[in-house]
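The structure presented is a predicted model; accordingly, all values stated were derived computationally and were not measured.
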Amino acid sequence: MKKIEAIIKPFKLDEVKDALNAIGIQGITVTEVKGFGRQKGHTELYRGAEYVVDFLPKVKLEIIAADGLVPKIIETIETTAKTGRIGDGKIFVTPVDEVIRIRTGERGESAI
């Protein structure tokens, strides 16, 4: 099993969620996050004063999936979240040793 974490632009969330539902992914955890990479934030004007916005709003998706589904999930997120502009985000894939469903005690892939 793998954990897929994707940091994407907030306005792409609904589109990505719908695309993941279309390929059969049901469980997604979504968190509103702030951060920056190469984009380095931007300058805004507020009441005549300029200030730098270092941390830009993003959305973090977390999905736990069986190894066989991972390439399709990555491809779906990548194609759906891409705008072609800086700040589109990143996808991280890490191994998951164990999953336990608290309600039933199921373990492994059956707990996903």
Practice prompt. Taking side chain to side chain contact (heavy atoms under 4.5 Å, CB included) as the test, write out the residues that go with Val30, two or more places apart.
Written response: Leu13, Ile28, Val59, Leu61

Worksheet item: For Ile102, what are the other residues in its hydrophobic cluster, where any two members join if their side-chain heavy atoms are less than 4.5 angstrom apart?
Response: none

Identify all side-chain donor-acceptor contacts of residues 64-84 below 3.5 Å with residues at least two apart in sequence or on another chain.
| residue | atom | partner | partner atom | Å |
| --- | --- | --- | --- | --- |
| Asp67 | OD1 | Met1 | N | 3.1 |
| Thr76 | OG1 | Lys72 | O | 2.7 |
| Thr79 | OG1 | Glu75 | O | 2.9 |
| Thr79 | OG1 | Thr76 | O | 3.3 |
| Thr80 | OG1 | Thr76 | O | 2.6 |
| Thr83 | OG1 | Arg85 | N | 3.2 |
| Thr83 | OG1 | Asp88 | OD1 | 2.4 |
| Thr83 | OG1 | Asp88 | OD2 | 3.4 |

Worksheet item: What's the verdict on side chain to side chain contact (heavy atoms under 4.5 Å, CB included) for Lys58 and Lys60, showing C-alpha distance, side-chain angles and the deciding distance?
Response: CA-CA 7 Å; Lys58 301 288 182 181; Lys60 178 178 172 182; over 6 Å; no

Discussion item. Enumerate the salt bridge (Lys or Arg N to Asp or Glu O under 4.0 Å) contacts for residues 10-34, please, sequence neighbours excluded, ordered by first and then second residue.
Written reply: Lys12-Glu15

Please list, one pair per line, the donor and acceptor atoms closer than 3.5 Å that link side chains of residues 104-112 to other protein atoms, with sequence neighbours excluded.
| residue | atom | partner | partner atom | Å |
| --- | --- | --- | --- | --- |
| Thr104 | OG1 | Glu106 | N | 3.3 |
| Thr104 | OG1 | Glu106 | OE1 | 2.8 |
| Glu106 | OE1 | Arg101 | NE | 2.9 |
| Ser110 | OG | Arg107 | O | 3.0 |

Practice prompt. Would you indicate whether Gln26, at its atom CD, is surrounded by more than 12 heavy atoms from other residues, nucleotides or ligands within a distance under 6.0 Å?
Written response: no

Discussion item. A side-chain contact here means heavy atoms from C-beta on lying under 4.5 Å apart; do Ile91 and Glu5 qualify?
Written reply: no

Worksheet item: When Ile, Leu, Val, Met, Phe, Trp and Tyr are grouped by side-chain heavy atoms lying under 4.5 Å apart, directly or through other members, which residues fall in the same group as Ile7?
Response: Phe92

